[in-house]
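One structure below.
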Amino acid sequence: MSPSVAFGSNSLRFTLPRGVGARRLEPRYPPPLADAPLAAACVLAEPIDTPPLAEIAKGRSSAVIVVPDGSRPLPLPPILEPLLSVTGRFIPLEKTTILFATGMHRAVTTDEARNLAGRRIDRRVRLLSHDPGDVAFVGETARGVKVSLNRTFLEAGLRITIGLVEPHLLAGFSGGRKMIAPGIIGREAMPILHGYELIGHADSTAGVLEENPFHREIEEIARMTRVDFALNVTIYSAHRPTAVFGGSLTASHRAAARRCTEHSLLRAGRRWPVVITSG
């Protein structure tokens, strides 16, 4: 038997010893959206647990849109284009910043930023990577985490996040509140957020939100600031959107996580002596 797994941008094939069997488990991905920009436009107009984005954007003088960096395979252009068409009616494009939530990752290069945001994006829109040194203190969590957030984000009149929601090995699911912490957080919080107590907890694991201490901590941090509108996107294996959820940070994330639970989580049915997986 010669199975293969995804490896880099290709695949890696290997041969199992004679007599050794294997079972292949794959998520039941729904089909990709036929028109992702239209789906995004619809949730901007009819969101969950918040007014339409057009109502929220009225009277705001500047905007920041927090998006993933290149470590998350989220196709941004079909989501950003309808979003900017709404905010651009009220806020000048030169007063709009796309902020890459790099956390403690390296900054996104100029060329990477253009590729991620889309080459067609208006050049008046500022593309910026989060700098964990350019932050302002906002408070302290019950656990004692001192929280500082990106200064550009805090100074913006309109604050929007776009997250990719998929199973995450610590947070249960990525996206949502993770765009704030650790996406645009200061360095002083990281020794606790990525410390042994949270990372080593049995409930800090993929697919779990309830009783997940890592999820609870980053959600508490996200509640310490104002997010005016959130978009959360699910994708399938070829990195095309399967659904877009918009609204409040928590409600839109929960809806996307429920969709992921239905389609991306499988029960193996037993414990296996060897598991081979890849991203």
For this session: Using side-chain contact (heavy atoms from CB on, under 4.5 Å) as the criterion, point out the one residue from Ile65, Ile184, Val66 that pairs with Thr161.
Result: Val66

Exercise. Is Ile221 close to Val147 at the side-chain level, that is, under 4.5 Å between some pair of heavy atoms?
Worked result: yes

Exercise. Residues two or more places apart in sequence or in another chain: which of them pass side chain to side chain contact (heavy atoms under 4.5 Å, CB included) with Asp111?
Worked result: Thr109, Asn115, Arg119

Problem set entry | N/O donor-acceptor pair under 3.5 Å between Arg13 side chain and Ser2 backbone | yes

Problem set entry | Flag, side chain of Ser204 to backbone of Gly200, donor-acceptor distance under 3.5 Å | no

Problem set entry | His105 side chain near Ser71 side chain, heavy-atom distance below 4.5 Å | yes

Exercise. Considering only heavy atoms from C-beta outward, does the side chain of Leu74 approach that of Ile162 to under 4.5 Å?
Worked result: yes

Exercise. Within a radius of less than 6.0 Å around CZ of Arg270, do more than 12 heavy atoms belonging to other residues, nucleotides or ligands occur?
Worked result: yes

Exercise. Any sub-3.5 Å donor-acceptor pair from His168's side-chain atoms to Gly175's backbone N or O?
Worked result: no

Exercise. Taking all non-hydrogen atoms of both residues, which atom of Ile48 and which atom of Ser252 are closest, and how far apart?
Worked result: CD1-CA, 4.4 Å

For this session: Using the ring of Phe153 (Phe, Tyr or Trp, six-membered ring only), decide whether Arg159 places NZ or CZ under 6.0 Å from its centre and within 45 degrees of its axis.
Result: yes

Exercise. Which one of Glu217, Glu220, His215 satisfies the side chain to side chain donor-acceptor pair (under 3.5 Å) criterion with Arg177?
Worked result: His215

Exercise. Restricting to pairs with a member in residues 123-133, which pass side-chain hydrogen bond (donor to acceptor under 3.5 Å, both in side chains), not counting sequence neighbours?
Worked result: Asp122-Arg124, His130-Asn150

Exercise. Is Asp228 reaching over with its side chain to a backbone N or O of Ile56, donor-acceptor style, under 3.5 angstrom?
Worked result: no

Seminar exercise, completed: Heavy atoms of Val208 and Asp203 approach each other most closely as CG1-O, 3.9 Å

Problem set entry | Test item: Ser4 side-chain N/O and Leu12 main-chain N/O as donor-acceptor pair under 3.5 Å | no

Problem set entry | Basic-acidic side-chain contact under 4.0 Å: Glu55, Arg60 | no

Exercise. Any Lys/Arg nitrogen of Arg258 or Glu262 sitting under 4.0 Å from an Asp/Glu carboxylate oxygen of the other?
Worked result: no

For this session: Answer yes or no: is there an ion pair linking Glu188 with Lys146, defined by an N-O contact shorter than 4.0 Å?
Result: no

Exercise. Within the side chain of Ser11, is there an N or O that forms a donor-acceptor pair under 3.5 Å with the backbone of Phe7?
Worked result: no

Exercise. Is Arg143 salt-bridged to Glu197, cutoff N-O under 4.0 Å?
Worked result: yes

Exercise. Between the side chains of Asp69 and Thr102, does any donor sit under 3.5 Å from an acceptor?
Worked result: no

